[in-house]
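Written below as structure tokens is the structure these notes are about.
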Amino acid sequence: MAYVDDFPTDARIVRWNMGVAFLALGIGGLFGMIQALHRTGVFRGFVSSADYYTVLTGHGVLLALVFTIFALCGLFTWGVTRSLDRPLPNPRFTLTWFALMLVGALAAAVTILGGLVPSIPFNADVLYTFYAPMQAHPAFYAGLALFIVGTWLAGLDWFRAYWQWRGDNPGERIPLQTFMVLVTMLMWYISSAGVAVEVLFFLLPWSLGLIESVDPLLTRTLFWYFGHPVVYFWLMPAYFIWYTVLPKFSGGRLFSDPLARVVFVLFLLLSTPVGFHHQYVDPGIPEGFKFIAMTNTMFLLLPSLLTAFTVVASMEHGARQRGGEGRLGWLRKLPWDEPAFAGCALAGLMFAAGGFSGMINAGMNINYLIHNTLWVPGHFHLTVGTASTLTFMAAGYWLFPQITGNRLRFRSLATVQPYVWFIGMTLMSNAMHRAGLAGIPRRTAEPQYDAVTFQGVVGGVSEMRLQIAIGGTILFLGLVLFLIVIFGTWFGGSGNDSLRVNGRIPAPLSGPEHSPKILDNLKLWTAVAIVLIVLAYGLPLSAMVADGLFAPGSPPI
Ligand code: HEM
Ligand code: CU
């Protein structure tokens with residue numbers, strides 16, 4: 001039976017979460033193309049340069065926060081119910097968190113878009129990092145707060161399903177997908193507390209006029225305490241798909257369940273005590289603590305390298321099952337014409353490139369070379385913008401038939417779509433990296449360099465800008481193809497063909513019986529994670545608080 005038949009209520013919530021996610025992706029992606037054309041000077045007719053920052057804020061918030069997190073909620077709801085083989089405990093509670101997230105996201109989005117209409121008195125041109133001293137209308141911060149509370153309740157919903165299951169299955173290993181969801185949510189509770197404090201105690205009261213000023217360093221630090229782990233909130237659902245579903249797409253089985261558990265535990269431990277690596281150039285944070293953050297960041301490479309190994313090994317196993325041979329010849333046996341497979345595999349490939357540029361970002365000294373240049377968006381369009389995004393799209397090709405009960409429409413469009421995205425991103429991201437090395441800044445509508453000319457020197461700024469504009473346009477085309485397939489399947493779908501998609505996940509080659517039991521001790525890992533955070537943040541944060549909570553140098557309150 002397909003998922004929609006087994007769990008009709010949960011299928012609806014998965015559909016709605018993914019539907020909102022992909023809608024946000026469509027609008028955000030349109031903004032992305034507008035930016036790519038505007039800042040390269042290729043076409044400036046969409047918005048004025050003053051409105052560029054409104055569009056850029058919309059792009060960042062809709063994609064990095066709204067799209068990714070709604071997609072996560074859809075995937076995790078599916079993963080928990082499927083792997084525990086039981087529905088979420090209380091549909092009304094489930095609807096509550098979905099509604100909170102939706103209202104919060106809408107409030108934030110409408111406030112941002114208000115910036116495009118001169119007669120509307122509110123705006124939130126603060127970019128998705130919403131640093132002080134830039135200030136937004138209170139509705140923006142209130143929306144963010146509601147959205148985050150919604151995610152906390154979503155996590156509680158998954159935990160409750162797990163506790164119920166545990167009651168019926170004492171002593172059993174936590175099913176892998178549920179384990180991944182719970183560990184990811186523990187990381188999220190710990191880290192999103194930072195941004196919640198920033199928004200509720202500082203930014204919101206400040207924009208309401210209740211307090212006069214805020215301390216930019218303290219609020220930035222609270223932001224980045226959350227701002228690094230949030231990247232794992234984008235990536236861990238992609239890993240969840242790569243570990244548990246991609247092996248099946250490749251025709252094989254997961255190589256190792258224990259390794260997958262180790263990787264998720266490492267993310268819980270290491271993803272928060274590294275936030276200072278976003279603040280290498282901030283004054284007021286002792287160098288020694290920046291150095292600790294750098295060291296922890298380099299350790300974080302370990303779970304990513306383990307993932308690369310496990311995922312590629314699982315794909316190779318699948319290819320050999322399909323008759324693949326030779327040292328690399330097996331690659332040809334992979335189902336490159338299956339959009340769900342091709343999307344995940346190309347996403348993984350780009351993630352490897354993103355990992356390398358991430359190491360440059362993480363180095364305390366070499367970071368100065370690329371800080372605030374276009375290199376940085378070049379990097380994260382490979383990670384969140386492709387590793388997560390293309391994986392969620394690929395998962396959509398496989399999940400939508402199961403959650404709607406309809407056959408996948410426009411298959412041939414779906415087959416080319418991951419390649420279109422890949423080509424667009426190769427052009428845009430590579431040129432962004434190079435432009436960053438040449439010193440071209442990010443976050444500006446007016447980078448003052450040569451205009452694009454078609455006679456431009458190859459290797460010159462003009463050529464990089466042309467590639468960014470062409471790449472951005474191809475990406476948007478790839479997005480349109482995707483939306484046609486997904487919404488076509490959902491609303492224009494024909495016939496109940498769901499029985500053809502087999503939603504079961506095959507057992508791993510090395511199963512949970514080989515994983516040490518201690519890996520499932522969630523309390524222990526949460527405690528270790530908190531100790532590491534206290535070590536990394538305790539002293540610098542207390543120094544920031546000691547010199548005045550609401551402004552540096554003001555008397556302590
Ligand atoms: C920034 C284009 C998709 C996340 C940018 C910038 C461009 C761009 C040109 C740099 C603007 C500047 O610094 O002045 C595009 C295009 C896309 C796309 C053409 C595809 C159609 C995505 C996706 C994500 C994403 C899928 C994440 C899921 C971001 C973020 C920023 C950004 C977080 C930084 C915003 C800021 O600096 O405040 N994008 N992008 N983009 N993009 Fe994208
Ligand atoms: Cu980071």
Side-chain angles (χ1 to χ4, degrees), residues 21-22 24-40 42 49 52-69 71 125-131 134 191 224-232 234-235 238 270-280 293-294 296-297 300 347 358 361-362 367 372-393 420-421 424-425 427-429 431-432 435-436 440-447 465 467-480 482-483:
F22 292 144
L25 179 62
I27 304 170
L30 172 66
F31 288 177
M33 183 180 72
I34 293 173
Q35 288 156 210
L37 294 174
H38 189 99
R39 59 166 292 148
T40 53
V42 169
S49 286
Y52 183 83
Y53 305 94
T54 307
V55 168
L56 187 56
T57 307
H59 181 75
V61 170
L62 283 174
L63 293 175
L65 299 174
V66 178
F67 156 64
T68 50
I69 297 181
D125 297 342
V126 290
L127 304 180
Y128 81 113
T129 38
F130 47 89
Y131 296 136
M134 288 191 290
S191 60
W224 284 118
Y225 169 90
F226 147 89
H228 187 80
V230 76
V231 315
Y232 289 100
W234 303 331
L235 278 174
L270 289 172
S271 50
T272 312
V274 297
F276 285 137
H277 71 208
H278 292 267
Q279 294 178 280
Y280 285 146
M294 172 173 77
N296 283 346
T297 307
L300 255 181
N361 303 343
N367 175 279
N372 277 342
T373 68
L374 258 193
W375 167 285
V376 177
H379 160 73
F380 61 60
H381 282 88
L382 294 178
T383 52
V384 64
T386 298
S388 304
T389 303
L390 192 52
T391 301
F392 298 165
M393 292 176 172
V420 174
W421 189 272
M425 197 54 90
L427 291 172
M428 185 174 92
S429 168
M432 280 178 159
I440 299 183
R442 68 184 281 204
R443 291 183 157 174
T444 174
E446 304 290 343
R465 298 177 94 186
Q467 282 198 46
I468 292 174
I470 296 174
T473 310
I474 296 177
L475 278 169
F476 184 65
L477 176 72
L479 188 51
V480 170
F482 170 75
L483 295 175

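Along the sequence shown, residues are numbered consecutively beginning with 1. Numbering of ligands and ligand atoms starts at 1, following listing order. Values reported hereafter were calculated over all heavy atoms of this structure, with side chains retained and with hydrogens, waters and symmetry mates removed.
At a heavy-atom distance under 4.0 Å, atoms from both the backbone and the side chain of Leu63 approach ligand 1. Looking at Thr473 against ligand 1, nothing comes within 4.0 Å, counting heavy atoms.
Atoms of ligand 1 found under 4.0 Å from any heavy atom of Met33 (numbered from 1 in listed order, with element): 19 (C). Each of the following atoms of ligand 1 lies closer than 4.0 Å to a heavy atom of Gly29: 21 (C). When each atom of ligand 1 is checked for a heavy atom of Thr444 under 4.0 Å away, the hits are 14 (O).
Ala36 and Gly472 make their closest contact through CB-CA, 4.2 Å (heavy atoms, listed as atom of the first residue, atom of the second, distance). Listed here is the closest heavy atom pair of Leu62 and Gly28: CD1-N, 4.2 Å. Pairing each heavy atom of Asn296 with each of Pro273, the nearest pair is ND2-O, 3.1 Å.
Between Thr272 and Pro229 there is a side-chain heavy-atom pair separated by less than 4.5 Å. In this structure, Phe67 and Phe22 have side chains that are in contact, with non-hydrogen atoms separated by less than 4.5 Å. Taking the side chain as every heavy atom from C-beta outward, Ile468 and Leu374 approach each other to under 4.5 Å. Considering only heavy atoms from C-beta on, Thr129 comes within 4.5 Å of Trp224 through its side chain. Side-chain contact between Leu25 and Met393: present, with at least one pair of heavy atoms (C-beta onward) separated by less than 4.5 Å.
Between Arg39 and ligand 1, a contact under 3.5 Å exists for at least one N or O pair.
Only protein N, O or S atoms were considered, and those under 2.8 Å from the Cu ion (ligand 2) are His228 ND1, His277 NE2, His278 NE2.
Across the listed options Phe130, Phe31, Tyr52, Phe380, Phe380 owns the non-hydrogen atom lying nearest to atom 31 (C) of ligand 1. Scanning Glu446, His59, Arg442 for the heavy atom closest to atom 18 (C) of ligand 1 points to His59. The option with the heavy atom closest to atom 33 (C) of ligand 1, from among Trp234, Phe392, Tyr128, Phe476, is Tyr128.
Looking at Thr386, its side chain never comes within 3.5 Å of a backbone N or O of Thr383 through a donor-acceptor pair.
Every pair passing side chain to side chain donor-acceptor pair (under 3.5 Å) that includes a residue from residues 26-38 is listed here, sequence neighbours excluded: His38-Ser49.
In this structure, Met33 CE and Ile474 CD1 are separated by 12.0 Å, a value rounded to the nearest 0.5 Å. In this structure, NE2 in His228 is found 5.0 Å from CG in Leu300, a value given to the nearest 0.5 Å. One finds the OG1 atom of Thr68 at 7.0 Å from the CZ atom of Phe392 (value rounded to the nearest 0.5 Å). Taken from CG in Leu479 to CZ in Phe476, the straight-line distance is 6.0 Å, to the nearest 0.5 Å.
Counting protein heavy atoms only, atom 6 (C) of ligand 1 is closest to Gln35 NE2, 3.3 Å. The shortest contact between atom 40 (N) of ligand 1 and any protein heavy atom is with His381 NE2, 2.8 Å. Of the protein's non-hydrogen atoms, the one nearest atom 35 (C) of ligand 1 is Leu56 CD1, 3.8 Å. Protein heavy atom in closest approach to atom 26 (C) of ligand 1: Thr389 OG1, 3.5 Å. Nearest protein neighbour of atom 37 (O) of ligand 1, counting heavy atoms only, is Arg443 NE, 2.7 Å. What sits closest to atom 9 (C) of ligand 1 on the protein, heavy atoms only, is Met432 CE, 3.5 Å. Counting only heavy atoms of the protein, atom 20 (C) of ligand 1 lies nearest to Leu475 CB, 3.6 Å.
By the 4.0 Å heavy-atom criterion, Met425 is excluded from the residues contacting ligand 1.
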